[in-house]
There are 2 protein chains.
Amino acid sequence: MALRHAVLAALLDEELSGYQLAKAFGLGVANFWHALPQQLYAELARLERDGLVSGREVVQDTRPNKRLFTATDAGLAELERFAATANKPSFIRDDLLVKVQAADHVAAGALIEQLAERAAFADAKIELLGGLLRKMRGGMSEEEFLRHGERIGPYLTCLRGIAFEQGNRDWCRRSAAILEERRTAHARG
Amino acid sequence: MALRHAVLAALLDEELSGYQLAKAFGLGVANFWHALPQQLYAELARLERDGLVSGREVVQDTRPNKRLFTATDAGLAELERFAATANKPSFIRDDLLVKVQAADHVAAGALIEQLAERAAFADAKIELLGGLLRKMRGGMSEEEFLRHGERIGPYLTCLRGIAFEQGNRDWCRRSAAILEERRTAHARG
DNA sequence: GGCGACATGTAACAAGTTACATGATTTA
DNA sequence: TAAATCATGTAACTTGTTACATGTCGCC
C-alpha cells in the first residue's frame, strides 16, 4: 500500500480530480511512481473512506461534474509517518532494456529503431518537464527558487526526472550508434 | 507476463540456478527489471513447463544440489518475437522520491539523512557495476570491446545502470545540500 | 460526422508481496 | 556460536492490469 503515499504527496500542493490526478501520474508523478487511472480512482475512494483525503463536488455546466480532492490533516500525518520509515529499493522495469540485454541474439534493426524512438520520446519529455519547471519557479532563477521558493519538493523530483530522461536519451543514442556500427561492420566483413 | 522475457534474457549468456538468477536480479538485471526470488522460482517452473528453458540437475557434495537453466531454441524464438513488439512505457517506483515530493510538508532531517544514505548506496552500486564491466570486457578497452566484443547486450544495460546510479547520487547529494541550506537559513531567520 | 478531451468507475483476471518452511555449510 | 550463504520452494494475501461501460462537449 505505497501508491497511497504517492497519491497523498501529489495532493499536498494542489486540489485535483481523479482525472487530473491521472494526468499528473502521466507526467510529473511518473518521475517516481507509475499507476493507471483505474488504480487512482480506487485509491482515492479508499483514502477518502479512511479520512486521509477529502473530496468536494464541483458542478460544471459545459463539462461533466467532478470531485476535487485534497489531503486532510490525517493524510499529512500519514505522510509524515511514512517519511520516517525505511525505503524499499527503487523499482525499475523497462521492456527496451530487456531487449538490449538480448541484443546479441535478436534482430538489430528493430532494436535500433526502438532506441531512436525512445530517444525522441525522452527529448519530448525533457521539453515538457522543462516547461513544468519554468512554471513552478515563475520569474525566479533556479538558484533563487531553490533557496527561497515556497514549495521545492515537486521541483526537485522534476529535476530528477529530467536528468533521468537525459540519461535515457544519451544512452539510447549511443547504444543505437554502437549497434548500427557493428551491423555495418558485419555486413562488410 | 513480461518477467518471462527478463528471465529469458538473463539466461541467454549463462547457465544459472534459481538462486544464481536471484542474485543476478539483485545486481545486473536490477538495472532494468525488479523481481523477488520467489517469483523467479515460479517463473522458471512455468518456463520449463512451456519448453522455453531447460534445466539440468547438478549434484553437489558440500552444497545442496541445484538445477541449472538455459534458454532453449523456443525460448530464443519467444525473445525474438518479444523484441519486435511495442514497448510499454518504462516503469519506476521510488519511495524516496515520494518523500522528496512531500519535502515541504515533512521533517527535513530524516529526509536529508535518507538522501545521504541513498547517495552512499549509489556509490557502492557504481563500484560493483564497474567491476562487472571490467570482468565482461576482460583485457579490452571499452571502445574496442563495444566494437568487437562478442556479447555487448549485458554490457550496454550495465552502462545504463551505472549512469542511472550516477544520476541518482548527484541528485541525492544536491537535493540534500539544498534542503540542508534551507533548514539552516530557516533556523537563523 | 468523427476524434480527442473530460469525467468516473466496475469486473475478471494476472501478477507481485509477505510470511512461512527446511536444512547443511562456511565465515566472522 | 551466531550470522550469512547456498538452495528451493508453498500458501495466503494484496496489488496491478485488461477489458468493459457510459455520456457530453469542443474541435477539425
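Lettering follows sequence order; numbering is per chain, from 1. In what follows, every heavy atom counts, from backbone to side chain, and hydrogens, waters and symmetry copies are set aside. Bear in mind the structure is a predicted one, so any value in this text is a computation, not a measurement.
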Query raised in the report: Would B:Arg137 and B:Glu144 satisfy salt bridge (charged side-chain N to carboxylate O under 4.0 Å, His left out), going step by step from the backbone distance to the final call?
Result: CA-CA 9 Å; B:Arg137 70 175 174 259; B:Glu144 196 191 337; over 6 Å; no
Query raised in the report: Do B:Leu27 and B:Tyr19 share a hydrophobic cluster, counting only Ile, Leu, Val, Met, Phe, Trp and Tyr and linking them when any side-chain heavy atoms are less than 4.5 Å apart?
Result: no
**Report entry** Integer-rounded Å distance: C:dG16 P and A:Leu36 CG
**Finding:** 14 Å
Report task. Can you tell me the distance, in whole Å, between the CG atom of A:Leu44 and the C1' atom of C:dA7? Result -> 13 Å
Query - Outermost nucleotides of DNA chain D that come under 4.0 Å of a non-hydrogen atom of chain A - result: D:dT15 to D:dG26
Requested in this report: Flag yes if A:Leu159 and A:Phe164 sit in one hydrophobic cluster, no otherwise; membership is Ile, Leu, Val, Met, Phe, Trp, Tyr, and two members link when side-chain heavy atoms are under 4.5 Å apart.
Outcome: no
Query raised in the report: What parts of residues 10-28 of chain A reach DNA chain D, counting only heavy atoms under 4.0 Å away?
Result: none
Query raised in the report: B:His5 and B:Glu78: side-chain donor and acceptor closer than 3.5 Å?
Result: yes
Requested in this report: Cation-pi check, A:Lys99 to B:Phe82: give yes when NZ or CZ is under 6.0 Å from the six-membered ring centre and within 45° of the ring axis, no otherwise.
Outcome: yes
Report task. Please say which of A:Arg118, A:Arg173, A:Gln166 ends up in a side-chain hydrogen bond (donor to acceptor under 3.5 Å, both in side chains) with A:Asp123. Result -> A:Arg173
**Report entry** NZ or CZ of B:Arg134 within 45° of B:Tyr155 ring axis and under 6.0 Å
**Finding:** no
Query raised in the report: Which part of the nucleic acid does A:Arg93 contact within heavy-atom distance under 4.0 Å: base, sugar-phosphate only, or nothing?
Result: sugar-phosphate
Report task. Select from B:Arg46 and B:Gln38 the residue whose nearest nucleotide in DNA chain C is closer to the 5' end of that strand. Result -> B:Arg46
Query raised in the report: Of the residues in residues 56-68 of chain B, which ones touch DNA chain C at a heavy-atom distance under 4.0 Å?
Result: B:Thr62, B:Arg63, B:Pro64
Query - Salt bridge flag under 4.0 Å for residues A:Glu142 and B:Arg174 - result: yes
Requested in this report: Decide side-chain contact (heavy atoms from CB on, under 4.5 Å) for B:Leu111 and B:Leu179; before the verdict, give the C-alpha distance in whole Å, the side-chain angles of both, and the deciding distance to 0.1 Å.
Outcome: CA-CA 9 Å; B:Leu111 214 43; B:Leu179 290 173; 4.2 Å; yes
Query - Whole angstrom value for the distance that separates C1' of C:dA11 from OH of A:Tyr41 - result: 17 Å
**Report entry** Under-4.0 Å side-chain N/O to phosphate OP1/OP2 contact, B:Arg4 with C:dA15
**Finding:** no
Report summary line: B:Leu3 CG to C:dA14 C1', in whole Å, measures 12 Å
Query - ILVMFWY network linking B:Leu16 to B:Val58, side-chain heavy atoms under 4.5 angstrom - result: no
**Report entry** Side chain to side chain, A:Pro154 and A:Asp13, heavy atoms closer than 4.5 Å
**Finding:** yes
Query - Upstream residue (5' side of DNA chain D) when B:Phe69 and A:His34 are each assigned their closest nucleotide - result: B:Phe69
Query - Whole-Å distance separating the CG atom of A:Leu40 from the C1' atom of C:dT8 - result: 12 Å
Requested in this report: Let me know the distance between CE of B:Met1 and P of C:dC13, rounded to the nearest Å.
Outcome: 15 Å
